A.B. asks: 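The structure under discussion is supplied below as C-alpha cells; questions concerning it will follow.
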Amino acid sequence: LRDALFIGWRDVRNMLRARETIAWVFVMPIVFFYFIGTVTAGFGGSGGGLGRQRLLLERGDDAGFLADEVELRLDAAGFDLVRPADLGEDAAPSRRLSVPAGFTADALAGRQATLELRLDRGELGAQYDEVRVRRAAYTVLADLVAAGETTAAVDAAAVADLRTRERTLSLDVRAAGERQRVPTGYEQTIPGTLVMFVLLVMTTSGAVLLVVERRQGLLRRLAHAPISRGSVVLGKWGGKLALGVVQIAFGMLVGTVVFGMDWGDNLGAVLLVLLAYGAMMASLGLLLGCVARTEGQAVGIGVLSANVLAALGGCWWPIEVTPDFLQRVADFLPTGWAMDALHRLVSFGQGPAAVAPHVLGMTAAAAVLGIAAARAFRYE
C-alpha cells in the first residue's frame, strides 16, 4: 500500500504539472459554467424555475385601462416589462408585445382588438412565454365579459374589483408523485460539466501519462524495482482518482461560490455519487491507458467517447427534453447514471436511498473496469 501511495502521489503531481491538464481541470470548466449556464438561465436559473423574461411593451395612443390590466397580468406572469423609451443603449429584448391604439375603446365597443406578440421561436422557453402572454390577455377578456354582466358601464374600477375579488372557484394543484421539473440553468450546467470533464480528463490526461511512461521505458524500470505489479496498478489507479477528486472539489467550490449553485439538502450523498463516478472514470482511464498504443490513439478515443457519452447521457442538455428512446439509452451509460443520480438529489429533492442503486452500480463498474485494466496492464 505504501508503494501504491507513493506511485499515486507522483502520478497526480506529474499530471497537474501539464499545461493541458491545468487548462481542462481548472480553466475550461469555469468557461463552460458561465457560457452554457448563462444561455440556459433564460429558460431556467439555478433555482429551477422558468425565470422572469424581459418583454418590450409597445402601447399605442389611448390604449386605456384594459392595457393597464394586461400589464398587471404580464407582471404577475413573470415578465419584466420594458418601454421603448427605457432602452437607451441596451439591446431590445427578443420578446415584444404591441398593444394597438384605442385598445380599450375598441374592446368596449365590441370591435376586434388584436395584441401582436413577436418572439424568436428558436429560443428556449419561447412557447411557454407565448402561453403566459395569452393567459394574461384571456384573463383580462374574461374579466371584461364578467364585468359586463354585473354592471351597466364597464370601467377601470369594475375590472379592478373583479381582479382583486376572491374567486368563487379555485384550483388546487399538487404533485401526485415525485417532481418532474426539468433541470435548467446552472442547476443543469454545473453537474453536467463536472461529469463531462471528469470523463474527458481521465480518458485523455490520465490515459496518455501511462502510454508515455510505457513508451519512454519508465514502466520497464518499475518492473525491475522491488514493487509488486499489483502495487503499480493500484498506484496508477489511485493517482487518477486523486486527480478526479481535485477536479470535482474545485468544480463544486467554484460552482457554489461564484455561480451560487445549491447542491440541496443531501450534500453527503452528492459527494458519494461523484466519488463513485470518479472511481469509475479512473478505472476507465487506466484501462484505456493499458490498451492504447500511442498518445494520439488515447486522446482520440478519450475525446470522442467523452463527447458522445456527455451528449447521450444528459450532460449538455436535460435528458428529459429528449425523445423517450434517448432517455432509455441514457439509462445504460455511465454519464446517464451520474446525471440521473445528481438530479434526483439536487433537482428533485429525493433522499440518499434514491441514488443507492446508482452508487452501487458505478462502484461495481469501477471494480470490473479496474480488474480488466489490471489484466491488460503491461510494462512495455
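Predicted model, so just to flag it, every value in this text is computed and none were measured. Atoms considered below: every heavy atom in the structure, side chains included; atoms not considered: hydrogens, waters and symmetry mates.
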A.B. asks: So L16 and F26, side-chain contact (heavy atoms from CB on, under 4.5 Å) or not? Walk me through it.
C.D. replies: CA-CA 10 Å; L16 286 174; F26 300 111; 4.0 Å; yes
A.B. asks: For the pair R73 and D143, find out whether any cationic side-chain nitrogen is under 4.0 Å from an anionic carboxylate oxygen.
C.D. replies: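 Yes.
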A.B. asks: Indicate yes or no: at least one non-hydrogen side-chain atom of R96 is less than 4.5 angstrom from one of L117.
C.D. replies: no
A.B. asks: Heavy-atom distance under 4.5 Å between the side chains of V270 and M252, does that happen here?
C.D. replies: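 Yes - at least one pair of side-chain heavy atoms lies under 4.5 Å apart.
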A.B. asks: Do the side chain of R229 and the main chain of A374 share a donor and acceptor less than 3.5 angstrom apart?
C.D. replies: yes
A.B. asks: Counting only N and O atoms by type, is there a donor-acceptor contact under 3.5 Å from the side chain of Q247 to the main-chain atoms of G278?
C.D. replies: no
A.B. asks: Would you say Y186's side chain and G255's backbone share a donor-acceptor pair under 3.5 angstrom?
C.D. replies: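 Flag not set: sc Y186 to bb G255 has no pair under 3.5 Å.
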A.B. asks: Okay, side chain of T335, backbone of L309: is any donor-acceptor separation there less than 3.5 Å?
C.D. replies: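 Yes: the side chain of T335 pairs with the backbone of L309.
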A.B. asks: If you count the non-hydrogen atoms of other residues, nucleotides and ligands that lie under 6.0 Å from CZ in R378, is the total more than 12?
C.D. replies: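 Counting neighbours around CZ of R378, more than 12 heavy atoms of other residues, nucleotides or ligands fall under 6.0 Å, so yes.
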A.B. asks: Is it true that L287 and V308 fall in one hydrophobic cluster, defined by side-chain heavy atoms closer than 4.5 Å?
C.D. replies: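 As far as the 4.5 Å side-chain criterion goes, V308 and L287 are connected within one cluster.
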A.B. asks: As a quick check of understanding, evaluate side-chain contact (heavy atoms from CB on, under 4.5 Å) for L333 and V329, giving each step before the final call.
C.D. replies: CA-CA 7 Å; L333 301 178; V329 169; 4.1 Å; yes
A.B. asks: For V257, which fellow cluster members are found when Ile, Leu, Val, Met, Phe, Trp and Tyr are connected by side-chain heavy-atom distances below 4.5 angstrom, either directly or through intermediates?
C.D. replies: L253
A.B. asks: Say whether, by atom type as modelled, one donor and one acceptor occur between the side chain of N307 and the main chain of V303 under 3.5 angstrom.
C.D. replies: yes
A.B. asks: Within the 4.5 Å heavy-atom criterion, are R132 and Q53 side-chain neighbours or not?
C.D. replies: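 Result yes, sub-4.5 Å side-chain heavy-atom pair found.
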A.B. asks: Hey, is E380 close enough to R214 for a salt bridge, meaning N to O under 4.0 Å?
C.D. replies: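 Not counted as a salt bridge, because no side-chain N and carboxylate O are separated by less than 4.0 Å.
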A.B. asks: Is the number of heavy atoms from other residues, nucleotides or ligands within 6.0 Å of CG (D265) greater than 12?
C.D. replies: no
A.B. asks: Between K236 and E213, is there a salt bridge with N-O shorter than 4.0 Å?
C.D. replies: yes
A.B. asks: Could you check whether the rings of F32 and F197 sit parallel, tilted or perpendicular, using 30° and 60° as the cut-offs?
C.D. replies: perpendicular
A.B. asks: How about I227 and I7: do any of their side-chain heavy atoms sit closer than 4.5 Å?
C.D. replies: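 Yes, close enough: below the 4.5 Å cut-off.
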A.B. asks: Just wondering, do L57 and R59 contact through their side chains at under 4.5 Å, heavy atoms?
C.D. replies: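 Yes, close enough: below the 4.5 Å cut-off.
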A.B. asks: Any luck finding a side-chain donor-acceptor pair between S283 and W237 under 3.5 Å?
C.D. replies: yes
A.B. asks: Hey, are Q112 and T114 close enough side-chain-wise for a donor-acceptor pair under 3.5 Å?
C.D. replies: yes
A.B. asks: Would you sort out whether Q350 and V355 count as a side-chain contact (heavy atoms from CB on, under 4.5 Å), showing the intermediate values?
C.D. replies: CA-CA 9 Å; Q350 298 182 15; V355 300; over 6 Å; no
A.B. asks: Has T104 got a side-chain atom pairing as donor or acceptor with A63's backbone, closer than 3.5 angstrom?
C.D. replies: yes
A.B. asks: Going by heavy atoms in the side chains, are P191 and W263 under 4.5 Å from each other?
C.D. replies: yes
A.B. asks: Would you check, one step at a time, whether the test side-chain contact (heavy atoms from CB on, under 4.5 Å) holds for L210 with C290?
C.D. replies: CA-CA 7 Å; L210 196 59; C290 291; 3.8 Å; yes
A.B. asks: Can D129 and R95 be counted as an ion pair, charged N to O under 4.0 angstrom?
C.D. replies: yes
A.B. asks: Is the closest side-chain heavy-atom distance between S305 and L288 below 4.5 Å?
C.D. replies: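 No, their side chains stay 4.5 Å or more apart.
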A.B. asks: Will you find, in the side chains of R118 and S98, an N or O donor that is under 3.5 Å from an N or O acceptor?
C.D. replies: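 The answer is yes; a qualifying pair exists.
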A.B. asks: Roughly how far, to the nearest 0.5 Å, is the CG atom of L97 from the CG atom of L74?
C.D. replies: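 If we round to the nearest 0.5 Å, L74:CG and L97:CG are 6.0 Å apart.
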A.B. asks: For the backbone of L56 and the side chain of R83, can you confirm whether one donor and one acceptor N or O come within less than 3.5 Å of each other?
C.D. replies: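 Not a single qualifying donor-acceptor pair exists.
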A.B. asks: Is there a donor-acceptor contact under 3.5 Å from the side chain of N14 to the main chain of R10?
C.D. replies: yes
A.B. asks: Counting N and O atoms only, with roles assigned by atom type, does the side chain of Q327 sit under 3.5 Å from a partner on the main chain of T322, one being a donor and the other an acceptor?
C.D. replies: yes
A.B. asks: What orientation do H343 and F348 show, parallel under 30°, tilted 30 to 60°, or perpendicular over 60°?
C.D. replies: tilted
A.B. asks: Any chance you could measure K240, atom NZ, to L286, atom CG, to the nearest 0.5 Å?
C.D. replies: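 That separation rounds to 5.5 Å.
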A.B. asks: Please check if the side chain of T21 supplies one atom and the backbone of S205 the other of a donor-acceptor pair under 3.5 Å.
C.D. replies: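 Judged by distance alone, no pair lies under 3.5 Å.
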A.B. asks: Side chains of M362 and P334: does their closest heavy-atom pair fall under 4.5 Å?
C.D. replies: no
A.B. asks: In sequence, state the C-alpha distance, the side-chain angles, and the governing distance for F377 and Y379, and then conclude on ring-ring contact (aromatic ring centres under 6.0 Å, His included).
C.D. replies: CA-CA 7 Å; F377 180 80; Y379 288 104; 5.3 Å; yes
A.B. asks: Can you tell me how far apart CE (M281) and CE (M202) are? Round to the nearest 0.5 Å.
C.D. replies: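 Separation between the atoms: 10.0 Å.
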